Amino acid sequence: MSKLKLLLISDLHGSETAYRKLANAIKYYKVDAVIFAGDLAGKVLVPVIKVGDSYRIPLINESKLLNGSEAEGKIKELRGSGYHVRIVNEEEYERMKSDKEYLDKVFNETLVNDIVEYLSIIDERYRQQGIKMYIIPGNDDPVDVINGVNSRQWSNIVPFDENVVNLNSHILVGLGYSNVTPWNTHRELSEEEMYERLSKLMNKLDKGEYSRTILVVHAPPYGTVIDQAPMLTSDFKVVRRGGEAVLTHVGSVSVKRIIEEYRPLMGLHGHIHEAGGVDAIKVDGVKVPVFNAGSEYQFGVLRGIIISIDGNKVNYIPVRG
């Protein structure tokens, strides 16, 4: 196998600042390819109401009017933190509040426009540098965003959800779903379905190809350092002991099982923002490294891991900027 240097990132959740940093990252990190392990879109739509020559942002202050430059600054902050902003008039705003179907339509349109805009910047920068980004969605990405991304003719972005693609002498296997969460998000599967879909993908390969296969699944494997999140009560409050949040494993049992059964070269993941890092799953005395890029998108921070592969030897460096 040839040498390969990757940048793993995940869970940018619509942060314009993080996306723009990703567009410039390859200048500094000198990698061969970028792997985006899911959750492209943000979770919140912010209406900005145009009132004559002024603007009102109810999320920030229900009644305060901002002039053009003030509103522009606030919108930049919001978009940088992962909010999707839509400028509307009073009539549209009232309709959004009273008509859920219309609100969903506006929300999805805004998400698609924003994500395609951000990815278009990356696609052009990466085309200039001759670098490709391989991308899967995550559990928080609605179908409209996925269709918007997949229907676009990219030059240097390669969507590979539920697919197998070649990357130099390596093979990428992608699945952009998670196991079931408390949040009832867009793309969740039972462990049985996760296992079935991953098995189907892995069985497209010959046994001799497993050792050069990179498994890219949004959800990390269960019972590892990279799948720990705060434990929640039935009403979604964080469980604390001695003032500290109690952590629990929330990753996928099926992802771990697939790694144990097929023993790929490594696993690349995201999903659990606070559990960025590296661990290994031991299979017959061999350690299969698994990585979680982590995420601080709400602060406009781009987190990632540079992973260098030389045969069966894997080295890594966490990066943050």
Side-chain angles (χ1 to χ4, degrees), residues 1-10 22 25-26 29-38 122-123 126-127 129-138 150 154-177 197-221 224 226 252 255-271 276-284 286-293 304-319:
M1 289 186 291
S2 62
K3 294 181 180 180
L4 186 64
K5 188 177 181 183
L6 304 174
L7 172 63
L8 169 65
I9 58 97
S10 187
L22 180 58
I26 54 173
Y29 296 141
K30 309 296 183 185
V31 295
D32 300 308
V34 175
I35 309 294
F36 193 152
I122 291 172
D123 193 45
Y126 285 22
R127 183 192 64 78
Q129 298 291 323
I131 299 297
K132 288 187 176 181
M133 180 167 75
Y134 297 80
I135 188 169
I136 62 172
N150 290 345
W154 306 106
S155 62
N156 284 62
I157 292 177
V158 182
F160 69 109
D161 184 32
E162 294 198 77
N163 208 349
V164 175
V165 296
N166 291 316
L167 173 54
N168 297 353
S169 62
H170 292 81
I171 300 168
L172 301 179
V173 173
L175 185 69
Y177 289 82
R197 295 197 191 194
L198 283 169
S199 295
K200 184 178 179 180
L201 290 168
M202 293 300 294
N203 288 334
K204 291 181 178 182
L205 308 176
D206 294 329
K207 188 174 181 180
E209 295 177 312
Y210 298 159
S211 63
R212 59 188 180 94
T213 295
I214 299 171
L215 184 67
V216 185
V217 185
H218 183 60
T224 55
I226 64 170
S252 171
V255 173
K256 182 179 181 181
R257 181 180 172 190
I258 288 290
I259 291 172
E260 291 173 336
E261 291 182 2
Y262 291 88
R263 200 193 299 172
L265 177 62
M266 68 178 70
L268 305 183
H269 312 277
H271 188 44
V278 60
D279 203 346
I281 295 174
K282 196 170 184 179
V283 187
D284 297 330
V286 177
K287 290 183 178 180
V288 178
V290 291
F291 300 87
N292 179 348
I305 302 176
I306 296 174
I307 302 166
S308 299
I309 305 167
D310 186 357
N312 290 322
K313 186 177 180 181
V314 177
N315 292 310
Y316 64 94
I317 302 173
V319 292

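Quick note: numbers below take in every heavy atom, side chains included, and nothing from hydrogens, waters or symmetry partners. Not measured: the values here are computed from a predicted model.
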Could you tell me if the side chain of [Y] sits less than 4.5 Å from the side chain of [X], heavy atoms only?
X    : Y    : answer
D32  : K5   : yes
I307 : L268 : yes
I136 : L175 : no
I226 : P221 : yes
I157 : Y126 : no
I135 : W154 : no
Y134 : V216 : no

>> If you count every heavy atom of other residues, nucleotides or ligands that lies below 6.0 Å from Y316 atom OH, does the total exceed 12?
In response: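 Count not over threshold, so no.
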Looking at [atom1] of [X] and [atom2] of [Y], how far apart are the two atoms once the value is rounded to the nearest 0.5 Å?
X    : Y    : atom1 : atom2 : value
M133 : I9   : CE    : CD1   : 6.0 Å
E209 : N166 : CD    : CG    : 8.0 Å
H170 : I309 : NE2   : CD1   : 4.5 Å
K287 : I281 : NZ    : CD1   : 12.5 Å

> Considering residues at least two apart in sequence or located in another chain, which fulfil the salt bridge (Lys or Arg N to Asp or Glu O under 4.0 Å) criterion with E162?
Replying inline: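 For E162, the residues satisfying salt bridge (Lys or Arg N to Asp or Glu O under 4.0 Å) (neighbours in sequence not counted) are R197.
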>> For a side-chain contact (heavy atoms from CB on, under 4.5 Å) check, start with the C-alpha distance between L172 and I35, then their side-chain angles and the critical distance, and finish with the verdict.
In response: CA-CA 10 Å; L172 301 179; I35 309 294; 3.8 Å; yes
Exercise: identify the closest heavy-atom pair between [X] and [Y]:
X    : Y    : answer
A25  : L7   : CB-CD2, 4.2 Å
P220 : H271 : CD-CB, 3.9 Å
I259 : P264 : O-CD, 3.7 Å
V158 : K132 : CG2-CD, 4.1 Å
G270 : S10  : CA-OG, 3.5 Å
P137 : D161 : CD-CB, 3.5 Å

Without placing hydrogens or testing angles, list every side-chain donor-acceptor pair under 3.5 Å for residues 198-208, not counting sequence neighbours.
| from | atom 1 | to | atom 2 | distance (Å) |
| --- | --- | --- | --- | --- |
| S199 | OG | Y195 | O | 2.8 |
| N203 | OD1 | Y262 | OH | 2.9 |
| N203 | ND2 | S199 | O | 3.0 |

[Y] backbone acceptor or donor facing [X] side chain under 3.5 Å:
X    : Y    : answer
H218 : A37  : yes
H269 : A219 : yes
N156 : I131 : yes

>> My understanding is that only one of V31, L167, I306 makes a side chain to side chain contact (heavy atoms under 4.5 Å, CB included) with L6; could you say which?
In response: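 Considering V31, L167, I306, a side chain to side chain contact (heavy atoms under 4.5 Å, CB included) with L6 is found only for L167.
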>> As a quick check of understanding, evaluate side-chain contact (heavy atoms from CB on, under 4.5 Å) for I214 and M266, giving each step before the final call.
In response: CA-CA 5 Å; I214 299 171; M266 68 178 70; 3.8 Å; yes
> In terms of side-chain heavy atoms, does S155 have a donor or acceptor partner in D123 at a distance below 3.5 Å?
Replying inline: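 A pair is found: one side chain offers a donor N or O, the other an acceptor, under 3.5 Å apart.
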